[in-house]
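This report refers to the structure that appears directly beneath it.
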Amino acid sequence: MDFDSTNSISRLIPGTLVAALLDANAVILLLAVLGVLAGLGTAGQILRRQSRVQVDSAIIRTFNNRVVAWLTTCVVLSVTMMFDRWVTVVFFGLMSFWALREFITMTPTRRGDHRTLFWLFVIFTPAQYVLVALDATNVYTVIIPVYASLFIPARIAFTGETKRFLERTAKIQFGLLICVYALSHAPALLYLQLKSWDAVSREYLPWQGSQAGLLLFLVVMVQVSDMLHFVWDRLGGRHVIAADVNATRSWEGLMGAAFGSAFVAIIMQWLIPVTPFQWYTAGLMGLLISVMASSGSMTLSAIKRDRGIKDYGTLVQGHAGILDRIDSICFAAPIFYHVTKYFLQLPPAEVVASSASWMAGC
Amino acid sequence: MMEPQFKKNRMKQVSIKILVGLAKFFSGATIRWVGCEPDSCQRVYFANHTSHLDALILWASLPRTLRAITRPVAAGDYWLGGPIRRYVSGLFNPLLIDREKVRVHNSPIDMILREIGNEYSIIVFPEGGRSLTGEVGTFKSGLYYIGKKRPDLELMPVYLDNMNRIMPKGEFLPLPLLSCITIGPPIWLDPDEDKNTFLMRARQAVLDLKEA
């Protein structure tokens, strides 16, 4: 970590916010997103009050709930980004902690798992985020998939409770992987050393824009994708993907959201660039994020259906289900993180070539 | 002379706030009142019992005004077992019962009723001990005698969900999972009801809240 400048107390004061994480473009993008969401929220409220409108009230209620959730996320994220990077890291750490407790509460474990689970909450979750804040890339990318995933089965074996051993191990590993490891890659984006391609000198120069650009891009694209999925499912959904998992998610929604997100990403990159991507890289990233976000929602839905729960929020009444809100970002974050790292090391021509060969490989 | 006493009280108030905050955070408890409302009238909350923290968490989840007049009945040998537990138990003001000394002639019921007078509500766990599996065991007769000697008290069934995973019997470190406390409509002892029927009915009232 860069101790001399980024860690100084003065950065904690909102008065210096532009110097900390956000630049003019990032602020404009945030304001635009907040504006659009506020507009949608108002429209939803008006629709709800007009009983004569021939729209299913359940759809409007779902829509309104989502808009409120997106708006809350954006407002909280905007506030955390006014401070130093570690504040955003702490914010995501708390979300991970809460999501993990929802996940483990829902997942049946046995008495023998108690102390293993204690390690999860008290050691691995905080350690992952501390390492992200320390920018220890080589450690935080392996601590959970390598150390924790070997530690968990060993610790359970040491307790001597063998019933459904593999099933219990897998559940705990999965929870830690999705709720903590995957999500921690979102704030880790703040620490990437970004470069942008300079067409004149034909070489990479350090990116001068906002530190928070990539994270903003990810969060906004996930929300755009969710929104487009919702709209396409309602308007053009004919072929449901898997009715047992989710009765409304359709192939039309998936494709519409993926290509719609790519389109929005390109427009965004053109109007208010917050990332060092080329326009086509931005488009590809939008597509990738959307597909991953849909996959995340489907996966977590499948787990919920298996457990016979509709929302993680109704698991224990009165709690807003954090896991319901972050399932898409959990899947998109690590893939976006690694693909970004990979792409930003290549000159643009090779970017195109490598993505083409990657597509052909699929 | 007044000042040190005042400071001590203030310290205690802050400690209580911290304790309540910690208990609420680590238990992730949601409290639901089904068919009843929080009320300052004298009540007996009776709940299923799976962990040593049950009494503390249920007490901490009550509204602040009710916390001040509600005393959990808890195991003296546990809560006086060390300096930290002793300090914490001083904060939530439990009625401590020494389980070793409970005899027919030395019934804790009289002591409890004497202590609460016409002022306090209490939290009791009629199973007598903590359940290992989370199943609700048979009720001991204490609740029946409370109902018989003080027919004016409202007997409130309470179901504690998931507490056995937060701190199972035999573990000493709590896990920060989510839990749910459901409080149901009060029951009373019918004048001509025998002990076993009443205890079965009370247990069923707790079990019914599982699905409420």
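Reminder, nothing fancy here: chain letters follow the sequence lines and each chain counts from 1.
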dist B:Asn164:CG -> A:Arg111:CZ (nearest 0.5 Å) comes out at 9.0 Å
Could you measure the distance from the CG atom of A:Asp113 to the CZ atom of B:Arg165? Nearest 0.5 Å is fine. 8.5 Å
Does atom NZ (B:Lys169) have a neighbourhood of more than 12 heavy atoms from anything else shown, all under 6.0 Å? yes
If I measure from the heavy atoms of chain B, does A:Phe118 come under 4.5 Å with its side chain, its backbone, both, or neither? both
Is the count of non-hydrogen atoms from other residues, nucleotides or ligands lying under 6.0 Å from A:Arg164 atom CZ greater than 12? no
Begin with the C-alpha distance, continue with both residues' side-chain angles, and end with the deciding distance and a verdict on side chain to side chain contact (heavy atoms under 4.5 Å, CB included) for A:Trp98 and B:Leu178. CA-CA 9 Å; A:Trp98 202 277; B:Leu178 300 171; 3.9 Å; yes
Distance (rounded to the nearest 0.5 Å) between A:Thr105 OG1 and B:Leu177 CG: 4.5 Å
Determine whether the aromatic ring centres of residues A:Phe121 and B:Phe26 are separated by less than 6.0 angstrom. no
State whether the number of non-hydrogen atoms from other residues, nucleotides or ligands found under 6.0 Å of B:Met111 atom CE is greater than 12. yes
Where do B:Pro176 and A:Arg101 come nearest, in terms of heavy atoms and distance? O-NE, 2.8 Å
Count the heavy atoms belonging to other residues, nucleotides or ligands that lie under 6.0 Å from CZ of A:Phe158, then report whether that count exceeds 12. no
If I take atom CG from residue A:Leu117 and atom CG from residue B:Leu173, how far apart are they, to the nearest 0.5 angstrom? 12.5 Å
Quick check on B:Glu135: does its CD atom have over 12 non-hydrogen neighbours (other residues, nucleotides or ligands) under 6.0 Å away? no
OH (A:Tyr147) with more than 12 external heavy atoms under 6.0 Å: no
Starting at CD1 of B:Ile166, measure out to NE2 of A:His114 and round the result to the nearest 0.5 Å. 9.5 Å
